[in-house]
Amino acid sequence: MWKGRFTQDTSSLVQQFGESISFDWRLFPHDIAGSIAHARAQLNAGLLTAEEFASIEGGLRGIEAEILAGGFEFKTSLEDIHMNIEAELTRRIGPAGAKLHTARSRNDQVATDTRLYCRTQIDELAELMRGLQLALLGQAERHAATVIPGYTHLQRGQPVTAGHHFLAYVEMLDRDQSRLADCRRRLNVSPLGSGALAGSTINLDRHAIAAELGFDSVTRNSMDAIADRDYIAELLFVIALCGAHLSRLSEDLILWCSSEFAFAALSDAHTTGSSLMPQKKNPDVCELTRGKTGRLVGNLVNLLVAMKGLPLTYNRDLQEDKPPLFDSIDTLALVLAVNTEMVAALELRAENCHRAAADPMLLATDLADHLVKAGVPFRHAHELVGKAVAEAIRTGTPLDRLDFAALDPAFPADSAAVFSLDRALAARTNPGSPSIENVRQEIQRFKAADDAAR
Ligand code: ARG
C-alpha cells in the first residue's frame with residue numbers, strides 16, 4: 001500500500017510482529033459499513049460515478065458475505081482488516097477500488113470501526129446485564145420473605161431478607177447499564193474525515209457519513225479524533241467494574257454454599273466435582289468469575305499504560321488497544337451469560353438462613369432503638385445494650401431471655417418483645433430498608449421500569 005517510497009519488502013518478522021489481522025478481522029462489518037458510507041460521500045461529491053459507487057458497494061457486500069460464510073482468506077502480509085478488505089476489493093473490481101481510500105486514512109478508519117464495534121457490543125452487554133438482573137429478580141421474588149443475616153466485616157450484623165440481598169446486585173447492574181449508556185452516548189461521534197491527523201483538502205460531507213453510520217455528530221478536532229481512545233478506556237472501566245460486582249456476588253455465593261454457611265446450593269449443572277474427593281461440589285463458576293475479573297481490571301490498566309506516554313496523534317502503540325478490548329468484551333459477555341444461568345438455578349436453604357438469622361444478638365441494635373423510643377439518648381442506649389450483651393455472654397443466656405428490668409430500670413417493660421424477627425423486619429419501612437413490603441415494591445418497580453424500557 002506504500003510501495004511508492006520503498007525499495008525493499010517488509011521483513012517477514014516485521015510482518016509477523018506488526019500484523020493485527022489475527023484479531024482485528026472482527027471489525028469487518030463496521031469497516032465495510034464505513035467504507036460504503038465514505039464511498040457514498042465521494043459519489044455525492046462527484047469523485048465517483050454511479051457505476052463506480054455501485055461496483056464498490058457490490059464488491060464490499062460480496063466480501064462481507066464471504067467473510068461471514070468463512071470463505072475469505074485473510075493475509076498477514078496485508079497487516080490489518082482495512083488493507084485486507086481494500087486490497088481484495090481492488091483485486092475484484094479494479095480501478096474503482098483504488099479510488100476508495102481518497103480523503104481517508106487508516107487512522108480515521110480504525111477509529112471509526114472501533115467506535116462502531118464498541119457501540120454494537122455495548123448494546124449486547126446491556127442486554128446480557130438485563131438478563132442477569134431478571135434472574136436476580138426471580139430469586140428476590142422467591143425469597144422476598146426469606147430472612148438471612150446481613151453482614152459487616154463478615155460478622156453477623158442485622159437481619160435482612162435474601163430478596164433484599166439479591167436486589168442489591170440488581171442495583172449494581174442498573175448502574176452498570178447506565179454507565180454503558182453514558183459511554184455509548186460519548187463515543188457515538190464520527191471521526192471519519194479526520195484523515196491521518198489533519199483532515200483533508202478534499203471535502204466530503206462528514207455529517208452525511210455520520211448520519212448513514214448512525215453517529216449523533218462528528219468529531220470537532222481532527223488531531224483529538226485520531227489520538228482519542230478514551231471511549232475504549234471508558235468501556236474497559238465499565239466492564240471491569242461490572243466484573244468487580246459479579247466477583248462480589250461470586251464471593252457471597254461461595255460463602256453461602258460452604259458447609260459453614262449452608263444458606264444455598266448451586267445446581268449440579270453449575271458446579272464441578274473433585275477427581276479425588278468424592279463428596280466435593282465446587283463452585284468453579286463463581287471462582288472463575290472472581291478470577292477473570294483480574295483480567296478485566298488488567299485490560300483497563302493495559303490500555304491506560306499504553307496511552308499515557310503517547311504524543312499526538314496516531315502512534316502504532318494504539319494498535320495494542322484491541323486485544324484487551326476484545327478480551328474484556330468476550331469475557332464479560334460469557335461471565336454474564338453463565339452467571340444468569342447459575343443464579344436462576346440457585347436453591348436457597350431457607351430453613352438454614354432463618355436459623356442463622358434467628359440469633360437474638362442480631363436484634364441488639366433494635367433493642368437500643370427501643371430504648372431511644374423510650375427517651376434514652378442513643379449513646380447511652382448503646383452502652384446499656386452492650387452491657388446486656390456482655391451479661392448474656394458471661395452467663396450463657398440467650399440475649400432475649402435476660403431479665404432486662406433487673407439489668408437497668410431504663411429498659412421498658414416490653415423489651416423482650418423486640419426479639420421478634422417478623423416485627424424487626426416489618427419495622428424497617430423507610431425507603432431502601434429491607435421490610436418484606438419494601439422488597440416486594442422494589443421488585444414491582446423494577447419490573448415496571450423494565451417493561452417501560454422495552
Ligand atoms: N492496524 C492499525 C491499528 O489498529 C490500523 C491503523 C494503522 N495506521 C498507521 N498509521 N499505521 O492501529
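Computed from a predicted model, the values in this text were never measured in an experiment. Ligands are counted one by one from 1 in listed order, and the atoms in each one are counted from 1 as well.
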Requested in this report: Name all pairs fulfilling the salt bridge (Lys or Arg N to Asp or Glu O under 4.0 Å) condition that reach into residues 252-273, sequence neighbours left out, sorted by first residue then second.
Outcome: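 For residues 252-273, and leaving out neighbouring residues, the salt bridge (Lys or Arg N to Asp or Glu O under 4.0 Å) pairs sorted by first residue read Asp268-Lys281.
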Query - Between Arg248 and His245: side-chain donor-acceptor atoms closer than 3.5 Å - result: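 Short answer, no.
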Query raised in the report: Crowded around Arg445 CZ? As in, over 12 foreign heavy atoms under 6.0 Å?
Result: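 For Arg445, atom CZ is crowded (more than 12 foreign heavy atoms under 6.0 Å).
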**Report entry** Any residue meeting ring-ring contact (aromatic ring centres under 6.0 Å, His included) with Tyr169, in chain and number order, not counting sequence neighbours
**Finding:**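 ring-ring contact (aromatic ring centres under 6.0 Å, His included) check on Tyr169 returns nothing, list empty.
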Report all N/O contacts between ligand 1 and the protein shorter than 3.5 Å as a table of atom names and distances to 0.1 Å; if there are none, say 'none'.
from     : atom 1 : to     : atom 2 : distance (Å)
ligand 1 : 1 (N)  : Ser20  : OG     : 3.2
ligand 1 : 1 (N)  : Asp80  : OD2    : 3.0
ligand 1 : 1 (N)  : Gln319 : OE1    : 2.9
ligand 1 : 4 (O)  : Lys322 : NZ     : 2.6
ligand 1 : 8 (N)  : Asn107 : OD1    : 2.9
ligand 1 : 10 (N) : Asn107 : OD1    : 3.1
ligand 1 : 12 (O) : Tyr314 : OH     : 2.4

**Report entry** With Arg440 via side chain to side chain donor-acceptor pair (under 3.5 Å) - residues at least two apart
**Finding:**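 With sequence neighbours excluded, Arg440 shows a side chain to side chain donor-acceptor pair (under 3.5 Å) to no residue whatsoever.
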Requested in this report: Please examine the side chains of His354 and Leu421, heavy atoms only from C-beta on, and report whether any two atoms are closer than 4.5 Å.
Outcome: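 Yes, side chains in contact.
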